[in-house]
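Following: one structure in structure tokens, then a few remarks.
Index from 1, following the sequence.
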Amino acid sequence: MTNTSAAHSKPINIGTRLEPLIDDFLIAELGDSLELRMHPPVKREVVLKTDDPWEGNACLYRTVFQDHDGRIRMYYGAWQYDMGGGQMNYPHPYYLCYAESSRGKRWSKPSLNLVQYKGSSRNNIVLSPTSFPGIELSAGDTAIFPDTNPACQEGAEYKALVPGKTPRALYALQSSDAINFSFMRRKGEDIPEPVITQGYFDSLNLAFYDEYRGEYRAYFRDFDGGAPQGLRGIRTATSPDFLNWSEPKWLDYGDSPEQPLYTNQIQPYARAPHIFFGFPMRYIDRGWVAQTDYLPGLEMRRARSEVHPRYGSVVTDGLFMSSRDGETFKRWGEAYIRPGPNVVDSWIYGDNNIAWGLIETEADSPGAPPELSLYVTEGYWAGRSMNVRRYTTRMDGFVSLHAPLAGVVCLTKPLTFTGRRLILNYATSAAGSLRIEIQDHEGRPLPGYSLDESNEIFGDSINQVAHWSGGSDISALSGRPIRLRFLLKDADLYSIQFQE
């Protein structure tokens, strides 16, 4: 790929911000064998089982975040699906439950004493459908988040959008402790007033404060073409105050093929908050075909199909996508989370659903740098409970510039930066390497920073300082339009950042 006008375009000012190489935003030229490659995460241990009586096998949606006190919080829907006689039965209401962890690997379920289940409130239920008088909620479709808005009012440090069932609408909740919630907007004293009414709202209803743009963002499911026959898709809206929201817009996936998405799990990437990452669950229904008989869990699949054919034929997986404006996304067609070979791994409708939230955790390998953990469902709709399994990826390790051993060159568009050094997140083979040339905006190598003067870099690091024969100090180039030319051999380059 060559952008012949790149040398004459206005330089991109990246300052000192981290730039994950997830798209062609900075790239002017890619050699024929160089590619942007997505890297699926590594499967780790099961960290939570939804085996309490008020939980069950349908605990699909969850949000995870690290709070200001270091505690990692998890909120998740809790439900049970029982099938018999061609009908779906629900032995208890659809709850929102809570768990917490200190390191993200072991989780506990504290007793909150908020909601009664069979005469006792000794449970971890935060919300039930009837937590508030006069309205029925779809409690488990609620995503709690910490409000980082500097103008956040006292008593509203945590917020959420909770869906009401009749009519379908989203209501704004607030809390001072992330456990006890109240409505933010009411008609009179007793009747809550919705804040978003355009949407179907029947999966996790996300919201968060976008610190980079200074606004709240919401993402929720709807049917493009009308429910239930329209395409399952995602809409977004923005708000200055969490109460007054813009007209919802459909997300745009560029030239990606049209595919139904059940969830979105969109969030600002903490290390580069100007970029949004999303982890939607893809919904695939081929109908009941010959191969369906060979998928795991055939007996359960047939029982589900007696309730509705798609309950037996649909399979789901997890995707990865990214955006620089929150509306237009580069969505990868290949799965980020694939169904596995076992029943609980799994080829079940609703499985492989990724939680909202990326948590920095200590690496499993001693001495290795910290990783990012994400949490994924397995065993949905099978048995009396299900698992939440942890997966990990390296810092910024979602997508890389990848080159074969023969070596390929990549040239950036003109850019400006501030700082004294260039930091690389990269990995090579033992025989692989990476070199960097700094050019002027016309593409001429700058003295002291040519490819021949670049130190050969090999290894695996999330924060390698680039060096040339004269050292690593590039402060003389700060603020000047430059271009970077990379020569990669059996290497992956995940991100770059200029630092002081």
Could you walk me through whether Tyr269 and Phe279 pass ring pair (Phe, Tyr, Trp, His ring centres under 6.0 Å), step by step? CA-CA 12 Å; Tyr269 182 46; Phe279 302 90; 9.4 Å; no
Under 3.5 Å, is there a donor-acceptor pair between the side chain of Gln267 and the main chain of Leu358? yes
Is the shortest side-chain N to carboxylate O distance from Asp364 to Lys105 below 4.0 Å? yes
Taking Asp24 first and then Lys330, would you say they form a salt bridge - that is, a charged N and a carboxylate O separated by under 4.0 Å? no
Tell me every residue that passes side-chain contact (heavy atoms from CB on, under 4.5 Å) with Gln80, counting only those two or more places apart in sequence or in another chain. Asn57, Asp82, Pro91, His92, Arg384
Any ion pair linking Asp252 and Arg331 (charged N to carboxylate O, less than 4.0 Å)? no
Side-chain donor-acceptor pair under 3.5 Å between Tyr98 and Glu100, yes or no? yes
Can you tell me how the ring of Tyr171 sits relative to the ring of Phe183, calling it parallel under 30°, perpendicular over 60° and tilted otherwise? perpendicular
Aromatic ring proximity Tyr380/Tyr349, centre distance under 6.0 Å: no
Between Asp317 and Arg338, does at least one N-O distance fall below 4.0 Å, as a salt bridge requires? no
Salt bridge between Lys49 and Asp51, side-chain N to carboxylate O under 4.0 Å? no
Return the set of residues passing side-chain contact (heavy atoms from CB on, under 4.5 Å) with Glu360 (not counting sequence neighbours), or none when no residue passes. Pro370, Leu372, Met395
Using only heavy-atom distances, determine whether the side chains of Tyr95 and Asn123 contain a donor-acceptor pair under 3.5 Å. no
Flag if over 12 foreign heavy atoms under 6.0 Å of CD, Gln229: no
Is the side chain of Asp177 donor-acceptor paired with the backbone N or O of Ser175 at a distance under 3.5 Å, no angle test? no
Side-chain donor-acceptor pair present, Asn425, Arg271, cut-off under 3.5 Å: no
So, Arg282 versus Tyr336: side-chain donor-acceptor pair below 3.5 Å or not? no
Does Arg44 come within less than 4.0 Å of Glu371, counting only side-chain N to carboxylate O? yes
Can you see whether Tyr262 engages Asn353 through a side-chain donor-acceptor pair at a distance of less than 3.5 angstrom? no
Donor-acceptor pair, side chain of Tyr494 and main chain of Asp396, under 3.5 angstrom: no
Test item: side-chain donor near acceptor, Ser373 and Arg390, under 3.5 Å: yes
Can you confirm whether the side chains of Tyr391 and Arg389 place a donor and an acceptor under 3.5 Å from each other? no
Just by distance, no angles: are the side chains of Asn463 and Ser461 close enough, under 3.5 Å, to form a donor-acceptor pair? yes
How are the rings of Phe320 and Phe277 set relative to one another: parallel (under 30°), tilted (30 to 60°) or perpendicular (over 60°)? perpendicular
Could you check whether any side-chain N or O of Arg62 sits under 3.5 Å from a backbone N or O of Cys59, counting only pairs where one atom can act as donor and the other as acceptor? yes
Checking side-chain hydrogen bond (donor to acceptor under 3.5 Å, both in side chains) between Tyr76 and each of Thr377, Asn124, Thr142, which is the one that passes? Asn124
Taking atom types as modelled, find out whether Ser239 and Asp241 have a side-chain donor-acceptor pair closer than 3.5 angstrom. yes
Salt bridge or not between Arg324 and Glu19? Use side-chain N to carboxylate O under 4.0 Å. yes
Answer yes or no on whether Arg73 is positioned over the face of Tyr158, meaning its NZ or CZ is under 6.0 Å from the six-membered ring centre and within 45° of the axis. yes
Are Glu306 and Arg304 ion-paired here, with the side-chain N under 4.0 Å from a carboxylate O? no
Check: Gly340 main-chain N/O paired with Trp347 side-chain donor or acceptor under 3.5 Å: yes
For the pair Ser305 (side chain) and Tyr311 (backbone), establish whether a donor and an acceptor sit closer than 3.5 Å, ignoring hydrogens and angles. no
Report yes or no: is the cationic atom of Arg168 (NZ for Lys, CZ for Arg) closer than 6.0 Å to the six-membered ring centre of Tyr200, at no more than 45° off its axis? yes
Does some side-chain heavy atom of Glu327 sit less than 4.5 Å from a side-chain heavy atom of Thr236? yes
Spell out, as yes or no, whether a donor-acceptor pair under 3.5 Å connects the side chain of Arg213 to the backbone of His274. yes
Could you tell me how the ring of Tyr375 sits relative to the ring of Trp107: parallel (under 30°), tilted (30 to 60°) or perpendicular (over 60°)? perpendicular
Do Thr393 and His39 have side-chain atoms, one donor and one acceptor, less than 3.5 Å apart? no
Listed partners of Arg103 passing side-chain contact (heavy atoms from CB on, under 4.5 Å), at least two apart: Glu362
Ring centre gap for Phe145 and Phe208 strictly below 6.0 Å: no
